[in-house]
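Can you read through this structure? Questions will come right after.
Just so it is clear, the values below take in all heavy atoms, side chains as well, and ignore hydrogens, waters and symmetry mates. Here, residue 1 is the first one in the sequence, and each next residue gets the next number.
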Amino acid sequence: GNSTGFYGGAISALGATVEIKDNTVFKNNTGATGTAIQTRDGGTCTVTDTTFENNIGTSGNGTVYITGNGSLTMARITATGNKNGNGGALYASGSATVTVTDSVFEGNSAAGTGGAIDFRSSTPLTVTDATFKNNSAKNGGAISLIANKTVNTAGSVFEGNSATNHGGAVYISGGTFEGSATFTGNSAVNHGGAVYVTYTSNDDGTKVYGSVSMTDSAFNKNSALGGGAVSIRTGCSGTFENTTFTENSANGNDGTCLL
């Protein structure tokens, strides 16, 4: 594997256009941030039919790291066994535009937030027909998003993801998570076996409240100390339409949905 003490263990793209395709493999690369790929300064990166396997971050964020006002398009990628501080497979910030389609994230982990994806870009993330399985983190076993950030999902599956604190599958801190998905067998040690919604504070101290809005979705056999399926904290919001909750469990005194 390749290694770097800074950005881009394999590829670093600064304001460049990069296309990665046709069964390309990134395996056993290491780096501080962007253990496989990092793109910034308005760069454009398209990744299709590619595998990311066992790439390890030494101190930073994301096997794939994008920041600034660039764009990242990922289709039919497989990310397994990648580890980082935040965003085990993907970390996005700034105003980067990111889309993920028909992809699998399995067995990725983060010491902090977002076992598979840590999303901090001001432009909404779109995730379509993706599978998140057995990913883990302190908060947000699969996906984490923070203040004023939005994730739109359609037809995605979250299975067996776990958090040592909150949000076995999804951790929402002042952001918005919306769309359709199936959550099965996710778990959190504390609150929100599948989804945890809380608030964060701006630099001036004003609070930014998180929200979740799910349609045509299902929550099955998720578990936590409180809010076996979903935990929504004070001031935050949740909307559920044509959604089923089946055999979820709260191990403490709080119910399947903790409000």
**OP:** Verify side-chain hydrogen bond (donor to acceptor under 3.5 Å, both in side chains) between Thr50 and Asn23, making sure each step is shown before the conclusion.
**Re:** CA-CA 5 Å; Thr50 295; Asn23 301 314; over 6 Å; no
Original post:
Same cluster for Ile20 and Phe52 if Ile/Leu/Val/Met/Phe/Trp/Tyr side chains link at under 4.5 Å?
Top reply: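 In one cluster with Ile20: Phe52, yes.
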Subject >> side-chain contact (heavy atoms from CB on, under 4.5 Å) assessment of Leu14 paired with Arg40 >> reply: CA-CA 5 Å; Leu14 305 179; Arg40 57 192 302 162; 3.2 Å; yes
Original post:
Would you call His191 and Arg233 a side-chain contact if the rule is heavy atoms closer than 4.5 Å?
Top reply: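 A side-chain contact under 4.5 Å exists here.
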Subject >> Distance-only donor-acceptor check, side chains Thr30 and Thr35, under 3.5 Å >> reply: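 No donor-acceptor contact under 3.5 Å links the two side chains.
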**OP:** Would you confirm whether Asn55, through its side chain, and Thr63, through its main-chain N or O, come within 3.5 Å as a donor-acceptor pair?
**Re:**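 Here the side-chain-to-backbone pair does not exist.
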**OP:** Mind checking the NZ-OG1 spacing from Lys149 to Thr200? Nearest 0.5 Å is all I need.
**Re:**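 OG1 of Thr200 is found 9.5 Å from NZ of Lys149.
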Subject >> Connected via hydrophobic side-chain network under 4.5 Å: Ile66 and Ile11 >> reply: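 Yes.
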Subject >> Leu145 vs Phe177 side-chain heavy atoms within contact, under 4.5 Å >> reply: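 A side-chain contact under 4.5 Å exists here.
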Subject >> From OG1 (Thr24) to CD1 (Ile37), nearest 0.5 Å >> reply: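 With rounding to 0.5 Å, OG1 (Thr24) is 9.0 Å from CD1 (Ile37).
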Original post:
What heavy-atom pair brings Thr67 and Gly94 nearest, and what distance separates the two atoms?
Top reply: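 That would be OG1-N, 3.9 Å.
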Subject >> Test side-chain hydrogen bond (donor to acceptor under 3.5 Å, both in side chains) applied to Ser12 and Gln38, step by step >> reply: CA-CA 5 Å; Ser12 177; Gln38 76 98 6; 2.5 Å; yes
Distance-only donor-acceptor pairs under 3.5 Å for side chains of residues 213-223, two or more places apart:
unit_1 : atom_1 : unit_2 : atom_2 : d
Asp216 : OD1    : Asn242 : ND2    : 2.6
Ser217 : OG     : Ala181 : N      : 3.0
Ser217 : OG     : Ala181 : O      : 3.3
Ser217 : OG     : Thr215 : O      : 3.0
Asn222 : OD1    : Gly185 : N      : 3.4
Asn222 : OD1    : Asn186 : N      : 2.9
Asn222 : OD1    : Asn186 : ND2    : 3.0
Asn222 : ND2    : Phe183 : O      : 3.2
Asn222 : ND2    : Asn220 : O      : 3.4
Asn222 : ND2    : Asn248 : OD1    : 2.9

Original post:
For Thr164 and Lys138, which heavy atoms make the closest approach, and how far apart are they?
Top reply: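 Heavy atoms only, the tightest pair is OG1-CA, 3.2 Å.
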Original post:
Do side-chain atoms of Thr153 reach the backbone of Gly179 as a donor and acceptor pair under 3.5 angstrom?
Top reply: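 Judged by distance alone, no pair lies under 3.5 Å.
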Subject >> Verify same cluster id: Tyr196, Leu125 (apolar side-chain graph, 4.5 Å) >> reply: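 Each belongs to a different hydrophobic cluster.
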Subject >> Straight-line distance of Asn161 CG to Asn134 CG, nearest 0.5 Å >> reply: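 Atom-to-atom, Asn161:CG and Asn134:CG are 6.5 Å apart.
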Subject >> Minimum heavy-atom distance between Ala188 and Gly168, given as atom pair plus value >> reply: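 That would be CB-N, 3.8 Å.
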Original post:
What are the two closest heavy atoms between Ala163 and Gly140, and how far apart are they?
Top reply: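 Reported closest heavy-atom pair: CB-N, 4.2 Å.
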Original post:
Does some side-chain heavy atom of Ser136 sit less than 4.5 Å from a side-chain heavy atom of Ser162?
Top reply: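 Of all side-chain heavy-atom pairs linking Ser136 with Ser162, at least one is under 4.5 Å.
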Original post:
Does CG belonging to Asp204 count more than 12 external heavy atoms closer than 6.0 Å?
Top reply: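 Yes, CG of Asp204 has more than 12 neighbouring heavy atoms, counting only those of other groups under 6.0 Å.
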Original post:
For Thr48 and Ile77, what are the C-alpha separation, side-chain angles and deciding distance, and is it a side-chain contact (heavy atoms from CB on, under 4.5 Å)?
Top reply: CA-CA 6 Å; Thr48 56; Ile77 70 110; over 6 Å; no
Considering only distance and modelled atom types, tabulate donor-acceptor pairs under 3.5 Å from the side chains of residues 104-119, sequence neighbours left out.
unit_1 : atom_1 : unit_2 : atom_2 : d
Asn108 : OD1    : Gly81  : N      : 3.4
Asn108 : OD1    : Asn82  : N      : 3.0
Asn108 : OD1    : Asn82  : ND2    : 2.9
Asn108 : ND2    : Ala79  : O      : 3.0
Asn108 : ND2    : Asn135 : OD1    : 3.0
Thr113 : OG1    : Asn86  : OD1    : 3.1
Thr113 : OG1    : Asp118 : OD2    : 2.5
Thr113 : OG1    : Arg120 : NH2    : 3.4
Asp118 : OD1    : Arg120 : NE     : 2.9
Asp118 : OD2    : Arg120 : NH2    : 3.1

Subject >> Ser211 and Thr176: CA distance, side-chain angles, deciding distance, side-chain hydrogen bond (donor to acceptor under 3.5 Å, both in side chains) verdict >> reply: CA-CA 5 Å; Ser211 67; Thr176 299; 3.2 Å; yes
**OP:** Search all heavy atoms of His166 against all heavy atoms of Asn139 and return the closest pair with its distance.
**Re:**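 Heavy-atom minimum between the residues: N-OD1, 3.1 Å.
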Subject >> Close side-chain approach of Thr80 to Asn54, heavy-atom, < 4.5 Å >> reply: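 Thr80 does not reach Asn54 side chain to side chain.
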Original post:
Do Ile146 and Val195 belong together in a cluster built from hydrophobic side chains that touch within less than 4.5 Å?
Top reply: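 Unlinked, Ile146 and Val195 end up in two clusters.
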**OP:** Taking the side chain as every heavy atom from C-beta outward, state whether Met74 and Leu90 have any pair of such atoms under 4.5 Å apart.
**Re:**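 Yes. Closest side-chain heavy atoms under 4.5 Å.
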**OP:** Kindly indicate, with the supporting measurements, whether the criterion side-chain contact (heavy atoms from CB on, under 4.5 Å) is fulfilled by Val64 and Leu72.
**Re:** CA-CA 10 Å; Val64 178; Leu72 172 66; 3.9 Å; yes
Subject >> 4.5 Å side-chain heavy-atom contact, Ile143 and Tyr171 >> reply: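 In short, these two side chains do not touch, never coming nearer than 4.5 Å.
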Original post:
How long is the gap from CG on Asn190 to CG on Asn165, to the nearest 0.5 Å?
Top reply: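 Rounded to the nearest 0.5 Å, the CG-CG separation comes out at 5.0 Å.
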Original post:
Closest approach of Ala16 and Ala13, non-hydrogen atoms and distance?
Top reply: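 For Ala16 and Ala13, the tightest heavy-atom pair comes out as CB-CB, 4.1 Å.
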Subject >> Pair Lys21 + Asp49: basic N to acidic O under 4.0 Å >> reply: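 Looking at Lys21 and Asp49, the cut-off is not met.
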**OP:** Taking the side chain as every heavy atom from C-beta outward, state whether Leu225 and Val189 have any atom pair closer than 4.5 Å.
**Re:**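 A side-chain contact under 4.5 Å is absent here.
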**OP:** Keeping the roles fixed (side chain from Ser121, backbone from Ala96), state whether a donor-acceptor pair exists under 3.5 Å.
**Re:**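 Answer holds: yes.
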Original post:
When rounded to the nearest 0.5 angstrom, what distance separates OH in Tyr199 from SG in Cys236?
Top reply: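 One gets 8.0 Å once the value is rounded to the nearest 0.5 Å.
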Original post:
How about Val18 and Thr39: do any of their side-chain heavy atoms sit closer than 4.5 Å?
Top reply: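 No - every pair of side-chain heavy atoms lies 4.5 Å or more apart.
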Original post:
ring pair (Phe, Tyr, Trp, His ring centres under 6.0 Å): which pairs involve residues 75-104, sequence neighbours left out?
Top reply: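 Listed by first then second residue: Tyr65-Tyr91.
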Original post:
Phe240 vs Phe245 aromatic rings, parallel, tilted or perpendicular, using cut-offs 30° and 60°?
Top reply: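 Aromatic pair Phe240/Phe245 classed perpendicular.
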